[in-house]
Amino acid sequence: MPKFYDPRSIEPKWQKKWEEDKTFKAPDSSDKPKYYALEMFPYPSGSGLHVGHLKNYVPLDAFCRYKSMKGFSVLHPMGWDAFGQPAENEALKRGRNPREMVPEYAANYKRTLKLAGCSYDWGREIDSSQPEYYKWTQWFFLLLYKKGLAYRSTAPINWCPQCKTGLANEEVKEGRCWRCDSLVEKRPMPQWFFKITDYADRLLKDLDSLDWSAGMKEMQRDWIGRSEGASANFQIANSKLQIEVFTTRPDTLFGATFIVLAPEHPMVKDITTPEKISEVEAYIKKAKAETEMDRMNAERTKTGVFTGAYAVNPVNNKEVPVWIADYVMMGYGTGAIMCVPGHDARDFEFARKFNLPIVQVVSKTGQSYELAQAEPDEGLAVNSGKYDGMKTADFKATITKWLEEQKIGHHTVNYRLRDWLISRQRYWGAPIPIIHCPKCGEVPVPEGQLPVLLPEVENYKPSGTGESPLAGIPEFVNTKCPNCGGAARRETDTMGGYACSSWYFFRFADPHNDREFANKEKIAYWMPVDLYAGGIEHARSHLLYARFWTKVLYDAGYISFQEPFKILKNQGSLLAHTPGRKPKSSEGADDSEKILDWIVLKPEEMEDFPRDQIVWRWARMSKSKGNVVTPEEIAHKYGVDSLRIFEMFVAPFEDDVQWSEESINGSYRFLNRTWKWLDAALPYYKKDWREALPREMTGREAQVRRKLHQTINKVGGHIEGFQFNTAIAALMELLNELYDYWQPVEQERKVPANEAILAEILENMVLMLAPFAPHMAEELWQEIGGKGTVYKAKWPSFDANVARENEITLVIQVNGKVREKMVIPSGLSEDIVKAKAMDNSKVAEIIKGKEILKVLVIQGKLINIVIK
RNA sequence: GCGAGGGUGGCGGAACUGGCAGACGCGCCAGACUUAGGAUCUGGUGCCGUAAAAGGCAUGGGGGUUCAAAUCCCCCCCUUCGCACCA
């Protein structure tokens with residue numbers, strides 16, 4: 001037994017042992033209850049893992065280790081989200097082939113995760129860019145295709161000029177590409193979509209059954225954006241044409257004084273009168289040139305032009321002008337709105353600017369009055385003919401029914417959610433398994449011919465033309481139609497990375513299956529995922545897509561559950577104190593640059609930058625900011641167990657943490673103190689301590705045992721509640737008590753009063769340490785002759801009788817203020833507690849001569865005496 | 001603008017269904033042991049007040065409910081995140 005705590009020799013030793021023994025291998029079946037814990041699989045970047053990444057991996061690892069000790073059969077896998085643009089871009093930047101690069105980077109990640117002591121079953125490692133994996137990604141595409149959920153359309157899409165590819169709506173943030181921050185353009189291109197909108201309602205409803213954070217669910221709800229209302233047709237005056245509008249306020253129909261169409265609305269050219277054509281065309285041209293960003297700026301004033309046409313308001317037969325304006329979006333509803341300036345702020349602004357009539361049709365009082373601004377609230381109908389006086393909700397139902405009877409409208413539900421754009425005009429992705437045949441049209445690649453292999457090429461740069469680089473490879477493109485055998489062309493778009501991550505959690509249940517995406521029984525055993533952890537940045541995209549595919553699988557009869565992730569946890573980020581500077585006036589002024597008030601100073605720029613102008617901020621660790629701390633350097637200084645303890649102890653799992661090396665010393669000190677105490681107790685350890693424990697215990701012995709069992713209870717509870725910080729705090733408290741009880745320092749060491757107690761503490765402490773500091777725990781477990789690995793040892797059991805306090809500190813309040821405390825036996829009757837409190841000399845002093853109004857006793861805690 | 005979190009010592013953070021605010025750690029102060037210590041051990045550490053007590057004040061601000069409020073209710077301020085002309 002080494003005298004001193006030496007993580008640098010202990011840690012590699014046990015990591016090697018775990019690997020050799022396949023300690024963390026998840027069985028294919030077991031009598032034990034299963035537990036499937038999963039972290040979002042990472043894209044292995046060239047920068048490697050830093051301590052910030054471990055903020056997620058380490059607590060989840062502790063959780064899995066705990067579950068294993070609690071008797072669960074644990075599945076804790078890891079794999080690589082290797083396809084997609086991050087990998088491709090990095091490969092391009094470094095002039096390397098992603099095929100060679102990705103495995104290297106993955107190996108580097110794996111090395112660091114092992115260094116951190118993470119308990120993955122590496123036998124289940126997957127790589128989404130390998131044909132054996134993406135064969136099944138393609139299979140999923142075909143499944144969706146067969147179900148009518150994959151289609152090709154030339155609708156205008158979000159085009160990122162920098163990435164040279166289309167982006168799904170979820171990948172556009174504030175009008176910019178989420179990866180490169182370029183302004184996104186609208187571009188019409190034939191593209192593949194998945195019909196996620198068919199599932200909008202179910203994706204929304206089933207959120208209720210999930211144990212996810214309120215914020216997370218809310219973000220999904222917002223993104224799906226369900227709104228209920230009615231559609232109504234407006235006849236164009238002197239024409240057979242009709243315009244369909246969508247409104248959530250059909251009750252305000254009488255107040256609709258004009259119609260606005262989106263500039264892209266297909267009917268614009270049909271209704272515009274000859275004298276307005278040039279003006280309208282000019283406006284459309286201008287609107288087209290505008291970026292998403294411009295259009296989204298709500299601050300700017302409204303613009304629009306009159307088309308010269310009038311529509312007839314069906315409820316009162318009044319003719320209302322039809323305008324076009326860019327504040328109406330083609331992508332939402334019908335791309336046309338009826339405008340009720342009295343009760344919609346945007347319409348109000350527009351009407352004011354262009355002098356259009358404003359009519360009040362809803363009133364708080366039932367009387368009409370001058371409107372100073374739009375009043376969007378509910379109330380009573382006014383100026384609405386025979387409906388006057390009706391309440392908003394009733395009026396909505398009544399008028400919707402009327403529209404239906406007249407066959408000019410109906411009740412409608414609208415979603416903000418759009419279909420999922422899956423096409424990428426890029427090389428590094430799973431090819432879409434479709435063949436275009438001049439005779440047969442679109443033909444899916446027969447399942448037996450999967451995978452459609454991604455060809456090995458020299459040049460995989462995005463083409464300038466907007467086409468995928470695959471289009472330039474005749475051997476790939478030219479093929480035979482599976483239907484008629486004639487010459488045909490392969491689809492050259494690849495699937496975006498989110499396709500791979502929409503089903504990988506199934507694959508982990510059966511990662512090497514070459515006949516199915518995963519075996520049904522294995523899925524039935526392991527799925528759904530019990531605990532899923534990852535960054536909040538995937539709140540919409542990934543989690544929505546994964547839920548969608550799961551529902552498709554359910555509908556197709558492959559699985560028996562509808563939601564993949566029962567519990568979801570989002571870890572906070574690790575922030576590093578990062579030097580930066582204010583932007584120069586030349587920077588940020590340009591509209592195409594993201595406006596920033598702080599720019600990171602690279603380490604190389606730091607040297608000759610004036611000290612007093614450096615602005616320090618807390619920023620997320622990333623290699624590009626030059627503020628990363630690697631697990632390697634910390635492991636070298638303190639050992640990885642200290643790093644693990646620090647990451648879990650410093651703050652709750654969901655919170656952001658400011659990295660500082662000072663506080664890691666506290667974790668190191670804790671482990672050192674623990675080691676010292678346990679090491680000193682070792683000579684007294686006996687396996688049969690249970691029999692040797694005296695029946696009755698008093699004084700210090702009873703006290704320290706009480707603390708031990710209270711700690712066992714707390715630590716387990718805190719881990720279950722995902723409160724790793726307080727779990728570790730409880731262990732620290734126990735350790736403080738242990739030092740109080742018995743000093744491990746040789747000079748001061750006394751012969752322990754009871755050796756069996758030392759043994760009990762030692763054994764239980766080792767077990768409780770195991771999830772957090774697994775290397776130290778294994779070492780000590782071995783020292784006390786524990787069987788096998790501590791990973792599979794049984795979690796300590798809590799004895800409520802031992803933990804029970806036999807005395808309590810009674811807090812005595814007078815008029816709600818603490819005046820005295822006294823130690824009394826627990827379990828006394830209320831009357832006796834009262835009597836004891838009144839008897840206390842200090843209390844007696846205070847209440848002397850006062851009238852006692854009330855005495856409240858909270859058993860086991862406190863007494864409050866109310867006096868006058 | 002809308003929606004969801006959050007505001008507690010010098011710092012990170014504790015506090016079960018309302019019941020001792022500040023667990024645990026960092027930092028700081030003092031002592032012990034030491035050639036030394038940025039090691040280790042022991043004690044102290046919210047603020048005001050005092051020689052020490054007593055006592056008073058404290059959970060962003062203001063009001064309220066209650067014997068009792070960080071916790072529940074109302075108003076306001078700040079902050080983080082998400083969405084943003086969604087009809």
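Chain letters run A, B, ... following the sequence lines, proteins first, then strands; residues in each count from 1.
Residue A:Gly666 is in sugar-phosphate contact alone, with no base atom involved, counting any heavy-atom pair closer than 4.0 Å across all strands shown.
Salt bridge annotation for A:Asp208-A:Arg221: present, with a cationic side-chain nitrogen under 4.0 angstrom from a carboxylate oxygen. Between A:Lys707 and A:Glu737 there is no salt bridge, since none of the side-chain N atoms of the basic residue sits less than 4.0 Å from a carboxylate O of the acidic one.
Side-chain proximity of A:Thr248 to the nucleotides B:U42, B:A87, B:C85 is greatest for B:A87. Nearest nucleotide to the A:Ala729 side chain, out of B:C20, B:G82, B:C24: B:C24. Nearest to the side-chain atoms of A:Phe246 among the listed nucleotides B:C24, B:C26, B:A87 stands B:A87. For A:Thr809, whose side chain is taken as the heavy atoms from C-beta onward, the closest listed nucleotide among B:A87, B:C20, B:C85 is B:C20. Side chain of A:Trp223, nearest nucleotide from B:A84, B:G82, B:A87: B:A84. Closest to the A:Tyr327 side chain, of the nucleotides B:C85, B:G82, B:C26, is B:C85. Here the nucleotide nearest the side chain of A:Arg673, chosen from B:A87, B:G43, B:C41, is B:C41. If you check B:G25, B:C20, B:U40 against the side chain of A:Met732, the one that comes closest is B:G25.
Computed from coordinates, the A:Tyr415 OH to B:C83 C1' distance equals 19 Å when rounded to whole Å. Taking atom CD on A:Glu537 and atom C1' on B:C83, their separation rounds to 17 Å, with Å as the unit. In this structure, the CD atom of A:Glu733 is 10 Å from the C1' atom of B:A14, given to the nearest Å. Atom NZ of A:Lys302 and atom C1' of B:A87 are 12 Å apart (whole Å). In this entry the distance linking OH of A:Tyr739 with P of B:C24 reads 16 Å, nearest Å.
Spacing of C1' atoms, B:G46 relative to B:A23, comes out at 14 Å, to the nearest Å. Nucleotides B:G60 and B:G5 are separated by 16 Å at their C1' atoms, to the nearest Å. Distance check on atom P: B:U71 versus B:U66 gives 16 Å, rounded to whole Å. The separation of B:U42 from B:G55, taken at their C1' atoms, amounts to 31 Å, rounded to a whole angstrom. The gap from the P atom of B:C29 to that of B:G37 amounts to 14 Å, rounded to the nearest Å. Between B:C16 and B:A70, the two C1' atoms lie 14 Å apart (nearest whole Å). Comparing the same atom, P, in B:U59 and in B:G22 gives a spacing of 14 Å after rounding to whole Å.
Annotation: salt bridge (charged side-chain N to carboxylate O under 4.0 Å, His left out) contacts involving residues 243-260 of chain A, sequence neighbours excluded, comprise A:Arg249-A:Asp251.
Between A:Tyr5 and A:Thr674, the side chains place no donor N or O within less than 3.5 Å of an acceptor N or O (distance only, hydrogens not considered). Between the side chains of A:Glu170 and A:Tyr545, a donor-acceptor pair is found at a separation under 3.5 Å. Residues A:Asp347 and A:Tyr327 bring a donor and an acceptor atom of their side chains to less than 3.5 Å of each other.
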Between side-chain atoms of residues 663-670 of chain A and protein atoms elsewhere (two or more places apart, or another chain), which donor-acceptor pairs fall under 3.5 Å?
{"unit_1": "A:Ser663", "atom_1": "OG", "unit_2": "A:Ser660", "atom_2": "OG", "d": "2.8"}
{"unit_1": "A:Ser667", "atom_1": "OG", "unit_2": "A:Phe646", "atom_2": "N", "d": "3.4"}

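Under the rule for a side-chain contact (heavy atoms from CB on, under 4.5 Å), the partners of A:His411 that lie at least two apart in sequence or sit in another chain are A:Glu228, A:Thr400, A:Glu404, A:Val413. With sequence neighbours excluded, the residues satisfying side-chain hydrogen bond (donor to acceptor under 3.5 Å, both in side chains) with A:Ser227 are A:Tyr332. Remark: A:Ser573 pairs with no residue by the side-chain hydrogen bond (donor to acceptor under 3.5 Å, both in side chains) rule, at least two apart or across chains. Applying the side-chain contact (heavy atoms from CB on, under 4.5 Å) rule to A:Asn313 yields the partners A:Phe234, A:Leu253, A:Ala256, A:Val315, A:Asn316; only residues at least two apart in sequence or on another chain are considered.
The aromatic ring centroids of A:Tyr741 and A:Tyr739 lie 6.0 Å or more from each other. Ring pair A:Phe354/A:Trp323: centre-to-centre distance below 6.0 Å.
The side chain of A:Asn736 places an N or O atom within less than 4.0 Å of a non-bridging phosphate oxygen (OP1 or OP2) of B:G25. For B:G82, the OP1/OP2 oxygens have no side-chain nitrogen or oxygen of A:Arg221 closer than 4.0 Å. A sub-4.0 Å separation between OP1 or OP2 of B:U42 and a side-chain N or O of A:Gln743 is present.
Listed here is the closest heavy atom pair of A:Ile808 and A:Ser826: CG2-CB, 3.8 Å.
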**OP:** Decide side chain to side chain contact (heavy atoms under 4.5 Å, CB included) for A:Arg644 and A:Ile728; before the verdict, give the C-alpha distance in whole Å, the side-chain angles of both, and the deciding distance to 0.1 Å.
**Re:** CA-CA 11 Å; A:Arg644 290 172 61 104; A:Ile728 291 168; over 6 Å; no
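A:Lys55 contributes atom NZ, which lies 6.5 Å from atom CG of A:Asp655 (distance to the nearest 0.5 angstrom).
Both key distances under 3.5 Å define a Watson-Crick or G-U pair, and stretches of 3 or more such consecutive pairs in RNA chain B run B:1-7 with B:77-83, B:10-12 with B:24-26, B:27-32 with B:40-45, B:46-48 with B:55-57, B:60-64 with B:72-76.
In this structure, B:G6 is classed as anti because its glycosidic torsion departs from zero by more than 90°.
Geometrically, A:Lys569 engages A:Phe722 in a cation-pi contact defined by less than 6.0 Å to the ring centre and at most 45° from the axis.
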Pairs: protein N or O with nucleotides 15-17 of chain B N or O, under 3.5 Å:
{"unit_1": "B:C16", "atom_1": "N4", "unit_2": "A:Lys861", "atom_2": "NZ", "d": "3.0"}

Extract from the structure each pairing of a protein N or O with an N or O of nucleotides 53-59 of chain B at less than 3.5 Å, listing the distance.
{"unit_1": "B:G56", "atom_1": "OP1", "unit_2": "A:Arg819", "atom_2": "NH2", "d": "3.3"}
{"unit_1": "B:G56", "atom_1": "OP2", "unit_2": "A:Arg819", "atom_2": "NH1", "d": "3.4"}

Would you tabulate the nitrogen or oxygen pairs shorter than 3.5 Å linking the protein to nucleotides 4-13 of chain B?
{"unit_1": "B:G12", "atom_1": "O2'", "unit_2": "A:Val650", "atom_2": "O", "d": "2.8"}

Between the protein and nucleotides 65-69 of chain B, which nitrogen or oxygen pairs are less than 3.5 angstrom apart?
{"unit_1": "B:C67", "atom_1": "OP1", "unit_2": "A:Lys854", "atom_2": "NZ", "d": "3.4"}
{"unit_1": "B:C67", "atom_1": "O2'", "unit_2": "A:Asn864", "atom_2": "ND2", "d": "3.2"}
{"unit_1": "B:C67", "atom_1": "O2", "unit_2": "A:Asn864", "atom_2": "ND2", "d": "2.6"}

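Counting heavy atoms from C-beta outward, A:Val704 and A:Leu738 have side chains that approach closer than 4.5 Å.
At a non-hydrogen distance threshold of 4.0 Å, nothing from residues 707-717 of chain A comes into contact with RNA chain B.
More than 12 non-hydrogen atoms from other residues, nucleotides or ligands lie less than 6.0 angstrom from NZ of A:Lys834. Atom NE2 of A:His636 has 12 or fewer heavy atoms from other residues, nucleotides or ligands within 6.0 Å.
The aromatic rings of A:Trp677 and A:Trp742 stand perpendicular to each other, their planes meeting at an angle above 60°, with 30° marking the opposite boundary.
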